[in-house]
Amino acid sequence: MTRSPRTRRALLAAGACTAVAALLSTATATQATARTPLAAPDIPVSAVKADLAQLQSIADANGGNRAHGKPGYKASVDYIKGKLDAAGFTTELQEFNYGGAKGYNILADWPGGNEDQTVMAGAHLDSVGRGPGINDNGSGSAGILEVALAVSREGLKPAKHLRFAWWGAEEYGMVGSQHYLDTLGTDTSKLDSYLNFDMIGSPNPGYFVYDDDTRLEKVFKDWFATKNIPTEIETEGDGRSDHAPFKDAGVPVGGLFSGADYIKTPDQAQKWGGTAGQAFDACYHAACDTSRNIDDTALDNNTDAIANALWQLTS
């Protein structure tokens, strides 16, 4: 039986409404997906510890340190760069001279993303001459290395461009990072943000978040809040690490820190555990800053927080 014209018109109108509703629903879902960043993967602390063991071995084989201008530093550079090259990063070894010795920065770019909105994560790779520098700053160097390798494993497709950096001669006054900014010139305007990680596995740790930029600070504080880990504003390292030249150049900066030679208070020990009345890192800038000078829990938490921040900020 053929439907009447009135019935056909009603059915066509109903069908049109259904189609429009379906299209609106699809568009809304697409927009929601675009707004929701992918969850960052868990970074195995065992992998970060394995990198620290390699840096310790490098120091042991090269006079007990990985300092600027010494063989241990170049061997550390070769180790980090080799892993990044194998993971598909575009790497650059940037040379500079300081104190009569050649220094090196490693820059590693992940393909894709808007280069006019580049998110950087950095850590200094050099130690002081007195020791192997495993917490200061093997911890930050290994942490961002494993996050970079996770970017490769996950095949991350960031909307913003992602760049990692390992700085030379930080212990002489942020020489490597300042050299990088000097060569970048007006292209600093293309930097969306710079995140710095210097000492993230202190043996008597605190959880300190840089407060230089509220947007970046919030990303870290929100993550720690989901883990019920209280944080404090970072003040000990103000002007003493590689974020300082970026901040001076007008780049928004953020980062994490687990404490150096400041003394942990009773209130901080109650919040975070550990020992009140002792330094966050009693081996700061000393020969005892070895692979035994690391708190695994702080190293794990901070590395996962780095991964979360980079996934969030580049989406």
Who pairs with D85 by side chain to side chain contact (heavy atoms under 4.5 Å, CB included), at least two apart in sequence or on another chain? K81, T91
When you compare the side chain of Y210 with that of L216, does any pair of heavy atoms fall below 4.5 Å? no
Aromatic ring proximity, centroids under 6.0 angstrom, W166 and Y79: no
Can you label the angle between the F96 ring and the H68 ring as parallel, tilted or perpendicular, going by 30° and 60°? parallel
Heavy atoms of other groups near K83 NZ, more than 12 under 6.0 Å: yes
Residues at least two apart in sequence or cross-chain that pass ring pair (Phe, Tyr, Trp, His ring centres under 6.0 Å) with Y73, listed by chain then number, are none
Which residues pass the ring pair (Phe, Tyr, Trp, His ring centres under 6.0 Å) test with Y284, sequence neighbours left out? none
Worked check of side-chain hydrogen bond (donor to acceptor under 3.5 Å, both in side chains) between S202 and N135: CA-CA 6 Å; S202 300; N135 186 37; 3.1 Å; yes
Here the disulfide (SG to SG under 2.5 Å) pairs for residues 168-287, sequence neighbours left out, are C283-C288
Can you list the residues that meet the side chain to side chain contact (heavy atoms under 4.5 Å, CB included) rule with D211, with sequence neighbours excluded? E217, I233
By the definition side chain to side chain donor-acceptor pair (under 3.5 Å), identify the one residue from Q278, K264, Q268 that meets it with N204. K264
Taking all non-hydrogen atoms of both residues into account, name the closest pair between P203 and N293 and its distance. CG-OD1, 3.1 Å
Tell me which one of D296, D300, D295 satisfies salt bridge (charged side-chain N to carboxylate O under 4.0 Å, His left out) with K49. D296
Reference residue D192; test side chain to side chain donor-acceptor pair (under 3.5 Å); the match among H161, K160, Q117: K160
Just checking, is any N or O donor in the side chain of Q94 or T183 under 3.5 Å from an acceptor N or O on the other one? yes
Neighbour count >12 (heavy atoms, 6.0 Å) for atom CD, Q270: no
Under 4.5 Å between any side-chain heavy atoms of F224 and N302, yes or no? yes
For residues 101-149, which residue pairs qualify under ring-ring contact (aromatic ring centres under 6.0 Å, His included), counting only residues two or more places apart or in two chains? F89-W110
Y207 and W272 aromatic ring geometry - parallel, tilted or perpendicular at 30°/60° bounds: perpendicular
Give me the ring orientation class for F280 and F208: parallel if the planes are under 30° apart, tilted from 30 to 60°, perpendicular past 60°. perpendicular
Check: W167 and D198 side chains under 4.5 Å, non-hydrogen atoms: no
Are D182 and Q178 side-chain neighbours, meaning at least one heavy-atom pair lies under 4.5 Å? yes
